[in-house]
Colleague: 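This is the structure, below, for whatever I ask next.
For clarity, every value in this text was computed on a predicted model and none was experimentally measured.
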Amino acid sequence: MPYPQTLTLSIFSTLNLTPHFTTSSMRSSFRSLTFSLSHHLTLPFLSSPRLLQLRRLAVTAPEQEALRSAELESRRLRGPEVEVGELSAVPEEWRRARVAWLCKELPAHKAGMLVKILNAQRKWMTQEDAAYIIVHCLRIRENETAFKVYKWMMQRNWYRFDFALATKLADYLGKERKFSKCREVFDDIINQGRVPSESTFHILVVAYLSAPVQGCLDEACGIYNRMIQLGGYQPRLSLHNSLFKAIVSNPGILSKHYLKQAEYIFHHMVTTRLDVQKDIYAGLIWLHSYQDSIDKERIAELREAMQCAGYDEDREVLLSILRICAREGEVEEAEKTWVKLLKFESDPPALAFVYKMEAYSKVGMPMKSLEIFREMQSKLGKADVAAYNQIIEILCKAQESELAETIMADFVKSGLKPLTPSYVHLLSMYYNLELYDKLEEALSQCLEKCRPNCATYTIYLDYLVKIGNIDKAQDIFNRMNSDAFIGVNARSCNTILSGYLSSGNHMKAEKIYDFMCLKKYEIESPLMEKLDYILSLKRKVVKRPINLKLSKEQREILIGLLLGGLRIDSDDPRRNHIIRFDFDGNSNSHYVLKSHIYRQFYEWLHPSCKPSDDSENVPDKFCTIVSSHFGFYADQFWANGEPTIPKLIHRWMSPCVLAYWYMYGGHRNSSGDIFLKIKGSQEGVENIVKKFKAMSMDCKVKRKGRVFWIGILGSHSTWFWKLVEPYMIEDRDFPEVGDETEKHYAMAAEEIKFNSDSGE
């Protein structure tokens with residue numbers, strides 16, 4: 001196509017940029033950039049060794065080997081070739097010079113300046129020019145620059161989708177472990193109505209598996225499934241093995257939810273006649289052993305298939321079988337498995353003893369369990385925490401109080417922790433045996449040695465109501481409700497409600513009833529029958545619907561969490577919204593915070609997020625019901641489905657908001673400096689900085705990708721802490737950098753390098 005000859009190099013002077021090159025030198029330095037997907041980037045497995053310490057998706061040695069095999073396999077996959085002509089073939093000399101200058105200049109600039117430079121070329125640049133620059137950047141391994149040019153190109157009115165170019169860009173980004181950017185290009189290919197190439201599917205799955213980030217395993221499973229169902233591809237053996245080993249590398253309580261995915265991988269390997277390794281059989285049996293409902297027939301099929309394939313049952317498989325026997329109370333099978341286990345080692349692992357103890361307790365033989373416990377101490381020289389908790393639970397359920405007390409005393413002397421589960425079993429036993437003096441003594445010891453929790457206080461509340469000490473029961477209930485870490489649940493509310501009803505205090509019973517309706521706690525049937533009569537005397541409607549409304553405290557908590565990264569999902573018309581609470585299971589601070597948030601928003605939570613068994617275990621992820629009440633927050637903080645900083649944020653930055661922002665998306669280093677993480681526009685961050693200055697707190701801002709880090713340093717951090725301290729949940733439970741997640745945040749902040757000279 002003809003190009004305007006009157007265009008001059010004034011576009012460069014506008015940006016104070018002068019292209020230093022000669023046409024002859026550039027002609028000789030650029031060759032044809034026609035090359036295929038066989039050119040790959042060789043990188044270490046993970047760039048940050050410290051991230052390997054994270055428990056969730058931590059990459060174990062076998063998994064690392066499987067991923068290396070998958071990466072090597074990806075080198076044999078070939079996608080469509082990208083044809084880009086030689087620069088010397090471009091007829092206009094000025095165009096050749098400018099394209100060559102851009103190839104040299106763009107990799108040296110950050111995103112903001114890079115876009116400004118490209119915008120200055122809009123009058124003359126075409127898709128062919130942009131494609132040449134992208135391919136050149138990929139060739140010299142400037143993949144980030146290539147991605148930015150590609151995103152800029154997509155916004156031009158002359159843009160035409162190029163499947164080969166998009167495939168090459170996605171593959172190179174994936175090989176560099178840039179899974180989020182790779183996913184963007186991958187989604188763009190699908191949005192164009194095309195099916196990504198096999199190489200793109202394969203590389204994206206490996207990129208997700210290589211990232212020690214929460215949620216990446218779910219994404220990897222989703223891409224793997226789409227590779228088979230949407231693309232119709234047959235994944236390579238290495239990819240099957242990598243994904244399966246990633247699933248079973250986490251603790252069983254987390255991995256058990258991936259059973260269907262693991263079975264799907266196994267089924268696909270069998271139907272495509274791939275070599276199923278011993279680890280796959282063992283991993284499947286292991287996953288089945290952690291299920292709530294044990295499928296014995298399926299486990300028998302897997303064991304038989306394993307033997308037919310010529311594999312013997314090893315130590316891990318036998319431990320899984322023992323775990324199943326313990327769950328089902330199958331003593332005979334447990335003894336057979338025990339004999340097999342002794343052939344591998346004369347001193348079986350501690351878990352094997354624990355499972356054997358549990359199996360005998362299920363058939364009503366607690367003394368046999370105690371005998372196994374003593375055998376464990378004799379053979380291994382000591383007992384671990386799991387063994388102590390298990391034998392104390394068994395003895396307490398059998399109401400062998402003297403034996404339980406003896407074992408508990410040994411447990412306390414050993415210095416092992418946690419002690420709380422064993423104290424809960426002791427308290428329950430004393431309550432059932434009506435040994436109330438010992439119950440109060442055990443509770444006193446528990447509060448001295450352990451952190452207070454809802455389970456122990458609820459048992460004590462049951463005791464107070466049972467003996468008729470309603471005044472003290474009321475004090476304990478109020479203490480539980482006011483303490484963010486302890487909290488109340490449905491059981492404790494029903495207990496205090498029964499106390500008020502039995503004592504004839506109907507006014508307080510009505511208040512508890514209203515509180516339980518607000519929290520949507522289920523009221524026990526016998527209590528509801530009594531309430532029906534009492535409420536009918538004063539109210540026309542006994543069970544009136546509660547119109548949910550966010551309280552002032554809930555509104556401030558939401559704003560703080562949204563600043564820290566809380567997510568809101570909206571439907572297409574943006575009329576109804578869901579808030580998704582996502583906490584890091586590896587963070588001690590998040591462990592405390594999630595329990596508090598769970599109770600604060602209990603009435604708003606989706607029914608699937610409320611445990612039916614009144615469990616004390618709060619999940620790491622839970623969500624609210626679909627509601628239009630969250631529309632304001634969705635419009636302000638998640639406009640167009642992206643995190644946004646509201647223009648009026650400076651009006652809402654109360655000390656309570658800052659406290660929850662810090663607890664959810666910030667941390668404090670060993671020097672006392674405060675670091676807050678936020679996503680949004682630079683203009684929004686500037687408004688926040690101005691608000692901090694108005695509050696007599698200077699701060700420094702650094703940007704890393706899409707994330708801004710706001711650093712409140714030195715004496716200013718002391719003032720910040722004084723502001724938020726009244727709203728902090730158990731200050732001692734938010735320590736300085738100590739756990740793995742806090743170390744990760746600290747490392748990220750160190751890379752930002754805040755200092756006294758840094759600014760925005």
Side-chain angles (χ1 to χ4, degrees), residues 253 350 353-354 357-358 361 366 369-370 373-374 376-377 382-467 469 472-473 475-477 479-496 588 591-592 595-596 599 611 613-618 730 732-733:
I253 194 67
F353 288 97
V354 173
M357 283 190 287
E358 185 179 354
S361 71
S369 299
L370 181 60
F373 178 77
R374 297 301 186 193
M376 176 186 181
Q377 289 181 313
K382 61 179 181 178
D384 61 5
V385 174
Y388 272 115
N389 282 325
Q390 186 66 59
I391 191 61
I392 290 171
E393 178 184 359
I394 292 170
L395 294 174
C396 287
K397 287 182 177 179
Q399 296 188 346
E400 297 285 348
S401 59
E402 293 184 4
L403 291 172
E405 290 167 357
T406 303
I407 300 295
M408 188 67 198
D410 293 341
F411 189 14
V412 173
K413 289 179 182 178
S414 69
L416 298 173
K417 291 186 178 182
L419 300 169
T420 303
S422 293
Y423 272 117
V424 170
H425 295 308
L426 271 179
L427 292 171
S428 297
M429 179 185 67
Y430 290 144
Y431 176 79
N432 294 328
L433 294 175
E434 298 184 353
L435 299 174
Y436 299 138
D437 291 339
K438 289 190 174 182
L439 187 148
E440 291 196 359
E441 183 183 352
L443 178 65
S444 177
Q445 293 177 4
C446 178
L447 295 179
E448 181 183 342
K449 296 179 172 62
C450 309
R451 195 160 52 180
N453 65 88
C454 187
T456 53
Y457 270 96
T458 299
I459 297 172
Y460 187 53
L461 191 67
D462 290 337
Y463 151 66
L464 293 174
V465 170
K466 188 174 181 179
I467 64 174
N469 193 344
K472 189 168 184 180
D475 293 339
I476 293 297
F477 182 84
R479 185 190 306 175
M480 293 169 65
N481 192 35
S482 60
D483 193 313
F485 186 74
I486 301 173
V488 296
N489 54 18
R491 177 184 166 187
S492 55
C493 288
N494 276 292
T495 299
I496 194 66
N588 289 334
Y591 175 81
V592 180
S595 300
H596 173 65
R599 288 189 290 269
D613 58 350
D614 199 28
S615 172
E616 294 296 322
N617 295 321
V618 177
E730 294 292 326
R732 58 192 172 84
D733 292 316

Colleague: Tell me every residue that passes salt bridge (charged side-chain N to carboxylate O under 4.0 Å, His left out) with Lys466, counting only those two or more places apart in sequence or in another chain.
Modeller: Glu434
Colleague: Just how far is it from atom OG of Ser492 to atom CD1 of Ile496, taken to the nearest 0.5 Å?
Modeller: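 The OG atom of Ser492 sits 9.0 Å away from the CD1 atom of Ile496.
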Colleague: Report the residues that fulfil salt bridge (charged side-chain N to carboxylate O under 4.0 Å, His left out) with Asp462, sequence neighbours left out, ordered by chain and then residue number.
Modeller: Arg491
Colleague: Donor-acceptor pair, distance only, cut-off 3.5 Å: does the side chain of Ser361 make one with the backbone of Glu358?
Modeller: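 Indeed, once roles are kept as given, a pair shorter than 3.5 Å links the two residues.
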Colleague: Distance from Asp410 atom CG to Leu416 atom CG, nearest 0.5 Å?
Modeller: 11.0 Å
Colleague: With rounding to the nearest 0.5 angstrom, report the CD1 to CZ distance, Ile486 to Arg599.
Modeller: 8.5 Å
Colleague: Could you give the side-chain donor-acceptor pairs of residues 394-408 under 3.5 Å, partners two or more places apart or in another chain?
Modeller:
{"unit_1": "Lys397", "atom_1": "NZ", "unit_2": "Glu393", "atom_2": "OE2", "d": "2.9"}
{"unit_1": "Glu405", "atom_1": "OE2", "unit_2": "Tyr430", "atom_2": "OH", "d": "2.7"}
{"unit_1": "Glu405", "atom_1": "OE2", "unit_2": "Lys438", "atom_2": "NZ", "d": "3.1"}
{"unit_1": "Thr406", "atom_1": "OG1", "unit_2": "Glu402", "atom_2": "O", "d": "2.9"}

Colleague: Lys472: which residues meet the side chain to side chain donor-acceptor pair (under 3.5 Å) condition with it, sequence neighbours left out?
Modeller: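 For Lys472, the residues satisfying side chain to side chain donor-acceptor pair (under 3.5 Å) (neighbours in sequence not counted) are Tyr460.
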Colleague: Walk me through it: do Ile459 and Tyr463 pass the test side-chain contact (heavy atoms from CB on, under 4.5 Å)?
Modeller: CA-CA 6 Å; Ile459 297 172; Tyr463 151 66; 5.9 Å; no
Colleague: Enumerate the side-chain hydrogen bond (donor to acceptor under 3.5 Å, both in side chains) contacts for residues 412-427, please, sequence neighbours excluded, ordered by first and then second residue.
Modeller: Asn389-Ser422
Colleague: Which residues satisfy the ring-ring contact (aromatic ring centres under 6.0 Å, His included) test with Phe477, sequence neighbours excluded?
Modeller: none
Colleague: With sequence neighbours left out, which residue pairs that include part of residues 387-416 fulfil the ring pair (Phe, Tyr, Trp, His ring centres under 6.0 Å) condition?
Modeller: Phe373-Tyr388, Tyr388-Phe411
Colleague: Could you pull out all residues at least two apart from Gln377 that satisfy side chain to side chain donor-acceptor pair (under 3.5 Å)?
Modeller: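 In terms of side chain to side chain donor-acceptor pair (under 3.5 Å), with neighbours along the sequence ignored, Gln377 is linked to Arg374.
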Colleague: Once you round to the nearest 0.5 Å, how far does CG of Leu464 lie from OG1 of Thr495?
Modeller: 10.5 Å
Colleague: Once you round to the nearest 0.5 Å, how far does CG of Leu461 lie from CZ of Arg479?
Modeller: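 Here the rounded value is 11.5 Å.
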Colleague: What is the distance from atom CG of Leu443 to atom CG of Leu426, rounded to the nearest 0.5 Å?
Modeller: 11.5 Å
Colleague: Can you list everything that forms a salt bridge (charged side-chain N to carboxylate O under 4.0 Å, His left out) with Glu440? Sequence neighbours excluded, please.
Modeller: none
